[in-house]
Structure formats: C-alpha cells, structure tokens
Amino acid sequence: IMRGGGGGREEDVRKHKDAYQVILDGVKGGTKEKRLAAQFIPKFFKHFPELADSAINAQLDLCEDEDVSIRRQAIKELPQFATGENLPRVADILTQLLQTDDSAEFNLVNNALLSIFKMDAKGTLGGLFSQILQGEDIVRERAIKFLSTKLKTLPDEVLTKEVEELILTESKKVLEDVTGEEFVLFMKILSGLKSLQTVSGRQQLVELVAEQADLEQTFNPSDPDCVDRLLQCTRQAVPLFSKNVHSTRFVTYFCEQVLPNLSSLTTPVEGLDIQLEVLKLLAEMSSFCGDMEKLETNLRKLFDKLLEYMPLPPEEAENGENAGNEEPKLQFSYVECLLYSFHQLGRKLPDFLTAKLNAEKLKDFKIRLQYFARGLQVYIRQLRLALQGKTGEALKTEENKIKVVALKITNNINVLIKDLFHIPPSYKSTVTLSWKPVQKVEIGQKRANEDTTSGSPPKKSPAGPKRDARQIYNPPSGKYSSNLSNFNYEQRGAFRGSRGGRGWGARGNRSRGRLY
C-alpha cells in the first residue's frame, strides 16, 4: 500500500484492499500490531470507502484499548475519518469519548472535536447535540460544557449565521428538559452568539428565560424549587434588559405574585436571605420596565411592601405598638431595594402619592420617611467618621469594605427620600444600587464569566454550591439595628424537582446513550 500510495495513483492503492484488511485485523493482534494499525488505518482510510464502516469500528476498538498510548494514538487520528457523511458519526463518537477521566485523552478529544468543527461545523454540532439529547448524563454534561467554553474560541468563518441559527434551534430542543445548571450554561452559550447581540436577539433570549421561569403559572412561595427556579431564571434575564428590551413581564410577576408572599418565601439554600435576593432582583429590573397594564395596582403593592420596612416613630405608633423605649429596626438593605423600585416605577405615574393616596395615607408616609431619614443621618455620620482618612489598603479590610457598602446604601436611600419629600414628589434623581459597580457598563452587556481552561476533564461539582457568607454591618450605636449586607449573588446550583415533562434537576425519562 505504501508503494502504491507513494506513486500517487488511486488505482494502484486500491489494488491492495486485502493488505488494508490485514491492517484492520491488526487491532486483534499484539501491542506492536495495534500501534501500527492505529497509524495506518486512518492514513489509507479514504482509499477504501467500501471498508469505511469496518475501518471506523476497528479504530474505535483501539480507542478503548487497555494500553493508554494506543488509545491516545487512536483518538488523535480520529479526525481523519471525518469525511463526508462519516463526519457526524465521528463527532458523535468523540462526544462520547469526552467522558474519559484521563486528562491527556480528554485534551486529545477536545482538540479532535475542534479540528472537525473547523471542517464542518453543522455536522459536528449534529454529533454533539445528538449526545446532549440522548446520551448518558456524564457525556451530556461534558458536551454542554464543551460548547459553553469552546464555541467562543472559534473564528467567525466557522461560526457563520447559519451555524448560529442551528445552535439556537438545537438549544431550544434541549431547553425543553434541562437542569438549572444546564440552563445557565445554555444561556451563556446563546448570549455569546453574534446573531443574538441585536435587540431582537436579546428579546428572543428574554422570551426563552420567561418560558423557563413559568411566568404564566401561579407562584408557590412554599416550594423551594419554584422559588429557586424563578430566581435563577431572573438572574439570567437581568443582564439582557435594556432601554429597548424591557423587563415588564418579570417586574409585573414580581409585583403581583412574589411581593405579597415575600415573608413566606422558602429556599433550599442555607444562609441565604431570600427576601433580600428577591428585592435586589426587582430593583435591578425596575430600571428597564416598559408600559405596565396594571401600573397603579402594582405600584400600590410595592408601596405597601415599602411601608412594612418604614416604621413609625415609637411615639406615633397606634395601639401601643413599638411603645416604650425600644427603637424599631431599620432594615436599610431592604429599604434601598424597595425605595429604588418604587422610585423607578413612580416615574411612570408621578401623581401616585398625591392623587392616588388619600391625605391620611400620604401624611402617614411622610412621617415614616422623616423618621427613617433621622436614623439614616445618624448612620451616615458614624460611617463617614469611621472611614475618615482611610485610603488604599486600609479600605480593603473586610470590616471597612462592609462599611463602604453600608455608606453607599445609606447615601442612596438619603437621595431617594429627599426626592419624595419634594412638593410634588420628584423622581429625577439617579443613584447606582449599592451592589452594582459605579463605572458605566453598556446596557445589555453580558456579565463576565470566568471559564476554567484547564486541560483536565471537568470535575463533578460537590453537592451544594459554595456561597459567600453574608456580611452584616453592626453600627457602633446601639440605638438602631441595621441589616446592611454586602451579598454577592451568583448562579447557585441546579434546580431540583420537575415541571411535568421538563424536569429541573430530574430531566424526565431520556433514553440512554447509544454505544459507538
């Protein structure tokens, strides 16, 4: 075969079909025969199309050999079989090989997949999505992670508009039955596609998230999985909202379904202040809310919830509530979120406080605002005094970082309260939420995600996601009690439970992956 191949004439090579069959049979021989077979089966594969199936199967036997060097050589050569109609099959095979725990093999499989991706992106995606939809769980998990980390490394000539459309179409099929962690990865994949960077593309993604969040269903605050699903979906939607891609559907759902049940929310996440999490998300979304059908009704719900965290002064309380010397707690983090959301939605109905509330209700609100503002000034003075003269490294201590955030929270509330004290109330001031970066970020810009680019196969996540411990600032004065938290929320693990045919964490009865 070597002599015939060297002459360059196809017919000369094809005369040696029997010799090629001997090479194929070499996979059943000893170590030396197998090593030769691993090199020569792919080398002459294209010359014997009638033996294609036998050749691929022989190479696959070598990919499963006990000798690691033979396995690696066989995997390395697999892209040479990716011609014509064989390519999707080779992609399917390589996807299944992602389950290896050998880091060198895992690297070879990744490189081989990237290699055939550049030959035929659509065919490669066919093999990958075939295993994502039908393969074993470990294969499915690693195939999704491959897409989430490697797609962005491919050049524009590979990721054409047609290829991106195929990714979107296939992803929608997968999203019918995903875990929470998988959903987050797919949102990362789709958010990175060039064709979805447009306003209409972002709108498509928001609709996908809304569907996953089940915004048509009645919210069940006592179901931890229902709460967790809503929060995870909303976190994926928040970076997509902009002045052109509105958050109205989500804000409406939060006002109508979640706020009235805020105190009864349950979460599977230990140590998580679920109420604060919800209020933070609502505050972030409120900036991009469009025209709302039941604006006055929802604004009233938001207003009523705000009142719960804006106490009356002890001497003003009725029926002896808060009577005596005990001062009510001022929960600044909650109030920042609620006041900001009310301020944002109030712009759309600026006469709400003056025309929609009766005089007694407005007077009551002003008393609460005034009392809260007094307590606020105490804290602002204490915080400024504590941080006075501190720069650089001194501000990086945990205690001082918490105080800096606390000062942001109290300053924000102070600005918003001043606006509402105007006659008539004003909604013109702009503040940056305390947990958001001060620098301007392009609206709708995808949040940065750090990817591990290690050459080792991904390790399974330990049960239960890691979370930052909540940090609460306790002011030096004992007069008030505060709840100022510097809580950085991120994606928090997969959903459990299921929704009919679409299980978040229990993905229904998918058929098991076929063998090579």
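One is the number of the first residue; the rest follow in order along the sequence. Values below: all heavy atoms of this structure, side chains included; hydrogens, waters and symmetry mates excluded.
At least one side-chain heavy atom of Phe45 sits less than 4.5 Å from a side-chain heavy atom of Ile56. Phe288 places none of its side-chain heavy atoms less than 4.5 Å from the side chain of Val245. You'll find the side chain of Leu230 stays beyond 4.5 Å of the side chain of Asp214, heavy atoms only. At least one side-chain heavy atom of Leu114 sits under 4.5 Å from a side-chain heavy atom of Phe146. Put simply, the side chain of Thr83 does not reach to within 4.5 Å of the side chain of Leu87, judged on heavy atoms. Using a 4.5 Å heavy-atom threshold, the side chains of Leu154 and Lys150 count as separate.
Considering only residues two or more places apart in sequence or on other chains, Glu256 meets the salt bridge (Lys or Arg N to Asp or Glu O under 4.0 Å) condition with none of them. Every residue two or more places apart in sequence or in another chain that forms a side chain to side chain donor-acceptor pair (under 3.5 Å) with Ser195 is listed here: Glu164. Not a single side chain to side chain donor-acceptor pair (under 3.5 Å) links Asn261 to another residue, sequence neighbours left out. Residues that satisfy the salt bridge (Lys or Arg N to Asp or Glu O under 4.0 Å) test with Asp67, not counting sequence neighbours, are Arg35. Residues that satisfy the side chain to side chain contact (heavy atoms under 4.5 Å, CB included) test with Glu105, not counting sequence neighbours, are Val68, Arg71, Arg72, Ile75, Thr100, Asp102. In this structure, the side chain to side chain donor-acceptor pair (under 3.5 Å) partners of Glu336, at least two apart in sequence or on a different chain, are Asn412, Ser434.
With salt bridges taken as basic N to acidic carboxylate O contacts below 4.0 Å, none links Glu284 and Lys280.
Atom NZ of Lys188 sits about 11.0 Å away from atom CG of Leu147, to the nearest 0.5 Å.
Ring geometry for Phe48 against Tyr20 counts as parallel: the plane angle stays under 30°, on a 0 to 90° scale with 60° as the upper cut.
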### Task
List the steps, then state whether ring-ring contact (aromatic ring centres under 6.0 Å, His included) holds for Tyr427 with His343.
CA-CA 6 Å; Tyr427 298 92; His343 193 267; 5.5 Å; yes
